[in-house]
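Take a look at the structure set out below.
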2 protein chains.
Amino acid sequence: MAQIPTGSLGDSEFDRDTAVTRREPGVYDVDLSAGWTIFNALNGGYLLAIMGRALSDALPHPDPFTVSAHYFSPSRPGPAVVRTETVRSGRTLSSGQASLLQYDEEGREVERIRVLASYGDLDALSDDVRTTAKPPAIPPREHCLGASDGPPPKMAAGNAITDRLDLKLDPATVGWAVGAPSGKGEMRAWFGLSDGRDADPLSLLLTVDALPPTSFELGLEGWTPTVELTTHIRCRPAPGPVRVSIVTRNLAGGFLEEDAEVWDSADRLVAQSRQLARAPRP
Amino acid sequence: MAQIPTGSLGDSEFDRDTAVTRREPGVYDVDLSAGWTIFNALNGGYLLAIMGRALSDALPHPDPFTVSAHYFSPSRPGPAVVRTETVRSGRTLSSGQASLLQYDEEGREVERIRVLASYGDLDALSDDVRTTAKPPAIPPREHCLGASDGPPPKMAAGNAITDRLDLKLDPATVGWAVGAPSGKGEMRAWFGLSDGRDADPLSLLLTVDALPPTSFELGLEGWTPTVELTTHIRCRPAPGPVRVSIVTRNLAGGFLEEDAEVWDSADRLVAQSRQLARAPRP
């Protein structure tokens, strides 16, 4: 029987809104919550967490190690289904596939996202760490800026997800909110969930896609739709807020990459992700 | 009808050895060549190029934009089949899935690799480039070291792929070959194909996984099996050898990431990739 990683945390908005109900083996009914919209579409990281939870139940291993998601069309609040397939079950890793489907006006299934993932058990990994990566250079949390700190007005406008997240942005990466983007493709923040739920591997799938896009700091407004997002979960996060750094180095031909790192309160690199996204038109 | 990107190049070892024969729509017979083995298993980038070629034929767009591959078991030289599925066809992007299968002793199909990919047309992209990425700091090609430059003996030992590649390693990243690894997770090289075939989007799928593993420079010997490898092709490469830089920053819990960049002779960042791999045991 699969363990469902629920974090430390009992009843939380995130756990309620990413709940999956097994209809039959490998098939899960879900209700996509309007609480996680951004630009009126559901946040891609929220959707990924739902698919990750379904795979945690379907696969013999509990934790996402690497999750590759290709996004086909925007998802809307309301009913959806996650169809999973177990592709192989190994001793330390198992792999599976999941599709998130919604329904068109005739009730036909429309595939929104497809995921390939390999799962393992983070608690079974050795404690050996050899890293040259450094935590993001971000000021202490109390010196960073949240949605309640006056401007940035754009952070809140029409984005229900703002209320769900306890996001404190590095002042060096909020120029976009007052009409003065830095021109650097960087975004850094302290990330938590508003109701205090701690991070776990599933919430990290949300975290890597939850900051404002780096394109804002490049002076580009509007939606940056994800084409593909791959996330590696490298370590079970310690309790407390995490730090997130997102960097874009190459905007070319109308596409850009976003590389995210997530660090926990114990200074461990707990997640790395990269996405390919369409750049907003300048 | 799909265009098959064949590069500039007519008949080459790479094109012959990655040829796919359409058995029926979406299903391709292939013959995996023993010429691309490393540690007696077939190189993951070579296999990815074969799957990429099948998808180029099956999908309405010719060029891989982002390809996510999950590796299940080592592939052996000999017959195999690639089964593809077209998942969606959009105006500028189409997406599909491919599985590489071989046969067990009873003739049953065994899935080796599964890929999710989104394809487009690189020639249709704008020339707009805003990049802060810099080409790798690598000496001129004539100051770099190939398999014929005496040691490193390990580069050639039992690895047929060595003959297929025109690989010239940065002297700063070959310490492993003489028993003096630098301790840094870096590998840099000039990359070409031995028969002079120029780079194209399909050969870039090979290039990102063709250098010795960064773990060698971390002092770890042995195979570093790929769990997952995602590659973004960002630009059609100009003729001439390309430069490749691979960096590992975080080796933890027995896994490591390898981030690769490929730059062409026109100083364009033509490919980015990241893989999650199992680290050799120390």
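Each chain gets a letter, A, B and so on, in the order the sequences are listed, and its residues count up from 1.
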* Asked: For A:Glu186, is it the side chain, the backbone, both or neither that has a heavy atom under 4.5 Å from a heavy atom of chain B?
  -> neither
* **Part of A:Lys184 within contact of chain B (heavy atom distance under 4.5 Å)** => neither
* Evaluate the criterion side-chain contact (heavy atoms from CB on, under 4.5 Å) for residue pair A:Glu111 and B:Val87; output intermediate values, then yes/no. => CA-CA 8 Å; A:Glu111 187 166 355; B:Val87 179; 3.7 Å; yes
Looking at [options], which one has more heavy-atom pairs under 4.5 Å with chain B than the rest?
{"options": "A:Leu116, A:Thr230, A:Leu125, A:Thr131", "value": "A:Leu116"}
{"options": "A:Asp127, A:Leu218, A:Val247", "value": "A:Leu218"}
{"options": "A:Gly185, A:Gly254, A:Ala117", "value": "A:Ala117"}
{"options": "A:Arg88, A:His70, A:Gln97", "value": "A:His70"}
{"options": "A:Ala69, A:Ser99, A:Ser126", "value": "A:Ser126"}

* What do the steps show when you test A:Glu228 against B:Val67 for side-chain contact (heavy atoms from CB on, under 4.5 Å), and what is the final call? -> CA-CA 9 Å; A:Glu228 173 266 324; B:Val67 180; over 6 Å; no
* Asked: Sub-3.5 Å donor-acceptor pair from the side chain of B:Arg130 to the main-chain atoms of A:Arg249, do we have one?
  -> no
* Checking A:Arg234 side chain against B:Asn250 main chain: does a donor-acceptor pair fall under 3.5 Å? -> yes
* Evaluation steps, side-chain contact (heavy atoms from CB on, under 4.5 Å), between B:Val227 and A:Leu93 -> CA-CA 9 Å; B:Val227 176; A:Leu93 290 176; 3.9 Å; yes
* **Distance (rounded to the nearest 0.5 Å) between A:Thr66 OG1 and B:Phe255 CZ** => 10.5 Å
* Looking at OG of B:Ser89 and CZ of A:Phe72, how far apart are the two atoms once the value is rounded to the nearest 0.5 Å? -> 10.5 Å
* Of all the heavy-atom pairs spanning B:Leu276 and A:Phe65, show the shortest one and how long it is. => CD2-O, 4.0 Å
* Asked: So, are A:Arg274 and B:Glu257 salt-bridged, with charged N and O less than 4.0 Å apart?
  -> no
* Relative to chain A, which segment of B:Ser94 carries a heavy atom at a distance below 4.5 Å: side chain, backbone, both, or neither? -> neither
* **More than 12 heavy atoms from other groups under 6.0 Å of CD on B:Glu105** => no
* Asked: How far apart are the C-alpha atoms of A:Ser95 and B:Arg114, what are their side-chain angles, what is the distance that settles it, and do they pass the side-chain hydrogen bond (donor to acceptor under 3.5 Å, both in side chains) test?
  -> CA-CA 10 Å; A:Ser95 299; B:Arg114 189 177 292 199; over 6 Å; no
